[in-house]
Protein chains: 2
Amino acid sequence: MSQIAQRSLCESIEAMESAFRSAASGIDGLPVDDVVLLRMLQMVAPALEAAFGREVRKHAGIGKTEFRTLLLLLGSDGCAAPSELSDVDHLGRANMTRVADALVKRGLATRTADADDRRRISLCITAKGRKLVTRLVPGIASGETAVFEGIGMAQRRQVAGALRRLAANLDAWNRSQR
Amino acid sequence: MSQIAQRSLCESIEAMESAFRSAASGIDGLPVDDVVLLRMLQMVAPALEAAFGREVRKHAGIGKTEFRTLLLLLGSDGCAAPSELSDVDHLGRANMTRVADALVKRGLATRTADADDRRRISLCITAKGRKLVTRLVPGIASGETAVFEGIGMAQRRQVAGALRRLAANLDAWNRSQR
DNA sequence: AAAATATAGTTTGTTGATGAACTATATGCT
DNA sequence: AGCATATAGTTCATCAACAAACTATATTTT
């Protein structure tokens, strides 16, 4: 049994907000609305990912990152270089090696050397991998429908726009740190 | 040097969206808008947290979870039980033990037994811990201002509302899985 | 042509989280 | 009073990620 879920996520968010607002009343200059919003983001995103990960593990026996890599391969005509995949998924190359290892071990992808550039390999989804993705899509679709219930298209666009903006601001910040 | 940042986060988001849309054109029933939006969430939130974590590590020598626990203690009149803190921060109790260990080791918090309930302890922020939080607040404030630039109050409310809705839907989903 | 620099992928050790199991204690039920 | 159940916090093993360093190869510069 998970050792997290004493309270629900909603209850934790309420309690977190209350605690931060209380803390802010004794601290000058803390932009508590921003702190709370960022913390909500950082609580909800991992919780969504964890739930997705548990479903994928249960139904496919692989991790969420492995599954996502299969989707990304499908979006690249079936094959891609690990360095490309790690860029697209914003992960480390070392991690992508681990993910590739796991997929190859289960026969869901293959590694083949690049004919033109011997530094590179091509990771390609197999027929078994395609079948697995096809099998899980209905469950994914219904899960996502459930999770987005009550959030209209206009609000989703607002969220997407805000996330892009946050990413751009973070990129600018990271550039300024070097 | 970080092995992730070949591309910027923005570039990864564009590439991810393109790859998922391409994948979806060959897969019936994949709600690609939702997939993309969830994946953006799951890329941006950890990136923000990682950046914050690096700053905190650099300026305070502690992790982001340790720092956040100090803030939560301030919001609880200085003391709280680890089980309470883990609920508020939506973390495992085992993890909160690790966080408490780190804070106590650095003299930023103390553990004291509860007089009424010998199962419980109180984790209390020390004067040193308060000073550390006070010292970091200006940097946090400016970082958060930077990261939210270009996102107006109305849009922030839309994002907050969507996050609460996502949390509620996820709680409902988790309840239905038991 | 040779040397310097950059890129691709891997290996290794570390980190921060989790899940399971444990001990100690409190509460509720009979 | 005694037993069953629940809660609090800890320990331990595991996992999925990272950072650093490495080897091999390609490209650029001199």
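On a predicted model such as this, the values are computed, not experimentally measured, just so you know. By convention in this document, chain letters (A, B, ...) are assigned in the order of the sequence lines, proteins followed by strands, and residues within each chain are numbered from 1.
- Within the 4.5 Å cutoff, the side chain of L9(A) has no heavy atoms near those of the L166(B) side chain.
- Considering only side-chain atoms of A94(B), the nucleotide from dA8(C), dA19(D), dG19(C) that sits closest is dG19(C).
- Between R57(A) atom CZ and dG19(C) atom C1' there is a gap of 13 Å when expressed in whole angstrom units.
- Between R119(A) and D114(A) there is no side-chain heavy-atom pair separated by less than 4.5 Å.
- Side chain of D117(B), nearest nucleotide from dT25(C), dT11(D), dA26(D): dT25(C).
- Between R118(B) and R111(A), it is R111(A) whose nearest contact on DNA chain C lies nearer the 5' terminus.
- Nearer to the 5' terminus of DNA chain D, by closest-nucleotide assignment, is the contact made by G63(A) (compared with the other of D116(A) and G63(A)).
- Between D101(A) atom CG and dG9(C) atom C1' the separation is 10 Å, expressed in whole Å.
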Between D89(A) and R68(A), does a salt bridge (charged side-chain N to carboxylate O under 4.0 Å, His left out) hold up when you go through it step by step?
CA-CA 9 Å; D89(A) 212 14; R68(A) 211 167 51 236; 2.9 Å; yes
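- Separating the CZ atom of R119(A) from the C1' atom of dA6(C) is a distance of 8 Å, rounded to the nearest angstrom.
- For E84(A), the salt bridge (charged side-chain N to carboxylate O under 4.0 Å, His left out) partners two or more places apart in sequence, or in a different chain, are R120(A).
- No more than 12 heavy atoms of other residues, nucleotides or ligands shown are found within 6.0 angstrom of CG on D77(A).
- Straight-line distance from the NE2 atom of H90(A) to the P atom of dC18(D): 9 Å, rounded to whole Å.
- As rounded to whole Å, 12 Å separates atom P of dC18(D) from atom CZ of R93(A).
- Between R120(B) atom CZ and dT27(C) atom P there is a gap of 11 Å when expressed in whole angstrom units.
- Within 4.0 Å (heavy atoms only), T97(B) reaches at least one base atom of the nucleic acid.
- Position along DNA chain D of the nearest nucleotide to R54(B) versus M96(B) favours M96(B) as the more 5'-ward residue.
- The residue N95(B) sits close to a base: some heavy atom pair falls under 4.0 Å.
- The nearest whole Å value for the distance from the CD atom in E84(A) to the P atom in dA8(C) is 10 Å.
- Going from atom CG of D87(A) over to atom C1' of dG9(C) covers 13 Å, rounded to whole Å.
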